[in-house]
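On a predicted model such as this, the values are computed, not experimentally measured, just so you know. Below, read A as the first sequence line, B as the second, and so on, with proteins coming before strands; counting in each chain starts at 1.
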Number of protein chains: 2
Amino acid sequence: MKSKQADQSRNTLLQAAFCEIHRKGYQAASIANILQDTGLTKGALYHHFPTKQSLGLAVVKEVIGENLAKLLCDPIRQSEDPVEALLYLISHIDRKVAPDFVMLGCPLNNLMQEMSALDPEFKASLNGILKRWRDTVEWALITGQKRGDIRSDVDAKSAALFIVSAWEGCIGIAKNMQSNSAFKSCMKQLHSYVMSLCVK
Amino acid sequence: MKSKQADQSRNTLLQAAFCEIHRKGYQAASIANILQDTGLTKGALYHHFPTKQSLGLAVVKEVIGENLAKLLCDPIRQSEDPVEALLYLISHIDRKVAPDFVMLGCPLNNLMQEMSALDPEFKASLNGILKRWRDTVEWALITGQKRGDIRSDVDAKSAALFIVSAWEGCIGIAKNMQSNSAFKSCMKQLHSYVMSLCVK
DNA sequence: TATAATATATACCGACCGGTATGGATCCGT
DNA sequence: ACGGATCCATACCGGTCGGTATATATTATA
């Protein structure tokens, strides 16, 4: 049996770690800073997570992965017209996330860029999340083909890979420019790319 | 008058710093590691660069900026058919860079993701490099419109922003997947996007 | 060649890092 | 209510970090 209080502490730590990592990156994220935000101490942290790496991986799986699934995958998979749902997400994603998300970048992409070449465990975990997203987009395109919305000559797998890549690229560039309008302009072009996959 | 030997030392340090930063990122890049590669010591480094930040900024400006200009901007600006040059670069960029570039990612994008939200000087310098690239692509599209290759209803500025964003996105995702073939597949889609801007 | 300026090496510093050891508080099944 | 497990706080450790002070070697100038 596990106590409610302990679970709450674990959650508090996860959330604070997510914020610190989102702002500074994983390597620059300081255990001391994370703890300062929570009011807890090292005793609590190292009780729930044996190492900083395990904390980071838990953030990836339980916070970033979950959020991305809820934000992007679920709406597409639950829609009767997945392509329309995808296009809607591309157009309106900026309204569905916190305003500082463009400034801080996509948590998934940030960590991929930082950690994939350094730590195979991070790479594997991040890749899993990415693949789920890619597969969802691919599924939307294939479903669109079956419904007659997407041209049959479109290679769904390649197109899905590109959509996800360009998406992350748009956030990344907008983050560097610290410009919300650049992000919207960029996503508009992605929208028109997806439209170009549709039957006339 | 400056000595040849001193300039060479400075260059050695810059190059070693670039490699270390490319592999680990700026924050995780260790002064000690950089020096170990060069055979020089802190005395030399801190004679040429007052701080780690100034070393990083010099790497951005003198190594990354120069390389990107030579690799991407110059071929487009010097071509009589800039759109063709752009398409050629998109198709063949993987042959023009070291084989580990896909594995380590684009040095410019890596630093943008890591540093833009943390350090305004890095942000400004990286943004300058990015803008030069964006402007080059925009110029290629506008020139293409004048030549009748690109549709006149294309918003060159937005399209250029998207092309650069998607480009970096492709490298980023391929880096995470550690897959050269994914990169090529992704760039192929970018190629078809640019083709979709051309007159039939 | 004497001298001043430049260039590099070495030893050292305080700050911060992730991690550990240990003791106390709290909860929980019996 | 008692004993054991879970949960958390405190103090501390070795190591690494960027940076500095200083002495020495090299080079440029006169």
Do A:Phe162 and A:Tyr193 have ring centroids that are under 6.0 Å from one another? yes
Over how many whole Å does the gap from B:Gln53 atom CD to D:dC17 atom C1' extend? 16 Å
If we ignore angles and hydrogens, is there a donor and acceptor under 3.5 Å between the side chains of B:Glu114 and B:Gln27? yes
Using a heavy-atom cut-off of under 4.0 Å over every strand shown, decide if B:Leu45 touches base, sugar-phosphate, or nothing. nothing
Value in whole Å for how far the C1' atom of C:dC28 lies from CG of A:Asp7: 16 Å
Which nucleotide sits closest to the side chain of B:Lys42: D:dC8, D:dG18, C:dT20? D:dG18
Classify B:Ala29 by what it touches in the nucleic acid, base, sugar-phosphate, or nothing, heavy-atom distance under 4.0 Å. sugar-phosphate
In terms of the nearest nucleotide of DNA chain C, which residue is placed more toward the 5' end: B:Ala44 or A:Asn33? B:Ala44
Atom-to-atom span, OH of A:Tyr46 to C1' of D:dA9 - whole angstrom: 15 Å
Whole angstrom value for the distance that separates C1' of D:dG18 from CD of B:Gln36: 17 Å
What verdict does the side chain to side chain donor-acceptor pair (under 3.5 Å) test give for A:Asn11 and A:Gln15, after you've listed the backbone C-alpha separation in whole Å, the side-chain angles of each residue and the deciding distance to 0.1 Å? CA-CA 6 Å; A:Asn11 252 3; A:Gln15 209 56 43; over 6 Å; no
Minimum-distance nucleotide to A:Ser30 side chain [options: D:dG19, D:dC17, C:dC17]: C:dC17
Can you tell me if the side-chain N/O atoms of A:Thr41 get under 4.0 Å from OP1 or OP2 in D:dC8? no
Separation of B:Lys24 atom NZ from D:dT16 atom C1', in whole Å? 12 Å
Tell me whether the side-chain N/O atoms of A:His48 come closer than 4.0 Å to OP1 or OP2 in D:dT6. no
Out of C:dA7, D:dC8, D:dG18, which has the shortest distance to the side chain of B:His47? C:dA7
B:Glu20 has an atom CD; how far is it from atom C1' of D:dG18, in whole Å? 14 Å
If I take atom CG in residue B:Asp119 and atom P in nucleotide D:dG18, what distance separates them, rounded to the nearest angstrom? 15 Å
Any donor-acceptor pair under 3.5 Å joining the side chain of B:Lys52 to the base of D:dG19? no
Out of C:dC17, D:dA9, C:dT8, which has the shortest distance to the side chain of B:Ser9? C:dT8
Between A:Gln27 and A:Gly43, which residue's closest nucleotide on DNA chain C lies nearer the 5′ terminus? A:Gln27
salt_bridge(B:Lys70, B:Asp74) N-O dist < 4.0 Å: no
Whole-Å distance between D:dT6 C1' and A:Arg10 CZ? 15 Å
Passing option when A:Arg10 is tested against A:Glu62, A:His47, A:His48 for side chain to side chain donor-acceptor pair (under 3.5 Å): A:Glu62
